Amino acid sequence: MLYIFCPHCGLRSQNEFSYGGDATVKRPALNKEVSDEQWNNFVYNRKSPRGKHVELWQHISGCRQWIKVQRDTVTHEIFKTVEANKEI
Amino acid sequence: MRSMSPLQNVHIKGFYGDYENKDVKNLIKVGEVKDLLIFQIVKYKKSNIKLEDIKIDNLNLSDKPHRVVFSNETRILWIGPNNWLLTSKNKKLITNIYHLFNDKDFAITDLSHSRAIIELEGEDAKEVLKKGCPYNFNELNESKCVNSIFNGITITIDMIHDSPKKIRLFSLRSFGESLHHSITDACLEFGYKNI
């Protein structure tokens with residue numbers, strides 16, 4: 001079983017969390033021209049890295065807060081977790 | 001209109017499971033808690049109001065994780081950052097709550113009829129919960145609360161007493177019957193009494 005450290009609640013089982021996608025994707029700036037390619041990259045295209053990856057998770061059955069998790073996609077080791085509005 | 005309790009169809013009084021040749025005092029007691037006032041209190045991120053300035057039933061909102069502040073009739077559970085669950089037997093609090101929490105700083109939601117509440121009492125109460133919940137129950141002490149899951153059902157656990165162990169479980173009303181089945185299934189080996 002994978003355990004994730006929630007910055008608000010402490011160490012909890014992965015069962016209480018919901019995966020929320022890649023945390024490195026940035027939305028194109030507002031009120032500026034956006035090309036189709038930029039929009040496609042934002043909405044659809046994702047990298048599938050091998051190794052450390054920063055992800056969004058929600059502690060849906062706990063404090064219901066979104067958090068950022070730095071996880072190794074090969075070993076599933078979790079290195080760091082922070083609140084969603086902070087940078088890893 | 002008559003209100004129906006969420007567990008009316010499943011919570012039937014009596015002895016169940018492996019209760020024979022055991023002292024009735026040592027059996028787990030499973031009860032349904034009805035007629036409780038339940039409010040969710042959410043403080044907006046932009047609010048500058050100080051929590052110390054607010055008192056409900058002489059209780060402050062605590063920003064310490066998993067802390068429960070309580071009086072004889074009222075308990076206020078921390079369920080997330082700037083998020084509390086107020087439970088009370090005192091129905092008169094309704095008017096106070098709407099008066100105390102202005103809508104610029106707080107979102108108040110009445111959840112009184114949308115939760116099923118099961119109370120477990122007995123020395124093996126934690127052992128029952130360990131069967132379906134991944135939380136480390138060694139960390140759960142008196143007047144502490146925690147949100148977790150039990151057999152896939154999201155629940156709020158409120159540890160009311162440590163000795164004798166008394167634990168209150170809240171789930172969404174629609175999951176109440178399923179939670180009751182799961183909890184009573186887990187109680188069978190200890191023997192339990194529905195009260």
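Because the structure is predicted, anything quoted here is derived from the model rather than measured. First the proteins, then the strands, lettered A, B, ... as listed; each starts at 1.
Within residues 12-33 of chain A, the residues approaching chain B closer than 4.5 Å by heavy atoms are, in numerical order, A/R12, A/S13, A/N15, A/E16.
Listed by chain and number, the residues in a ring pair (Phe, Tyr, Trp, His ring centres under 6.0 Å) with A/F5 amount to none (sequence neighbours excluded).
Residue B/N72 qualifies as open at atom CG: its count of foreign heavy atoms under 6.0 Å is 12 or below. Counted within 6.0 Å of NZ on B/K131, heavy atoms from surrounding residues, nucleotides or ligands total more than 12; the atom is thus considered enclosed.
Under a hydrophobic clustering in which Ile, Leu, Val, Met, Phe, Trp and Tyr are joined whenever their side-chain heavy atoms come within less than 4.5 Å, directly or via other members, B/V42 and B/L86 fall into different clusters. No continuous path of ILVMFWY side-chain contacts below 4.5 Å connects B/I149 to B/I117, so the two sit in separate hydrophobic clusters. Clustering ILVMFWY residues whenever any of their side-chain heavy atoms sit less than 4.5 angstrom apart, transitively, puts B/L169 in the very cluster that holds B/V146. B/Y16 and B/I118 fall within the same hydrophobic cluster, where Ile, Leu, Val, Met, Phe, Trp and Tyr residues are linked whenever their side-chain heavy atoms come under 4.5 Å apart, directly or through other members. The same ILVMFWY cluster, assembled from side-chain heavy atoms under 4.5 Å apart, contains both B/I183 and B/I167.
For B/N147 against A/G62, the heavy-atom pair with the smallest separation is ND2-O, 2.8 Å.
Put simply, NZ on B/K45 and CG on A/N85 are 6.5 Å apart, with the number rounded to the nearest 0.5 Å. To the nearest 0.5 Å, atom CD1 of residue A/I60 and atom OG1 of residue B/T154 are 7.5 Å apart. Rounded to the nearest 0.5 angstrom, B/Y135 OH and A/C9 SG are separated by 9.0 Å.
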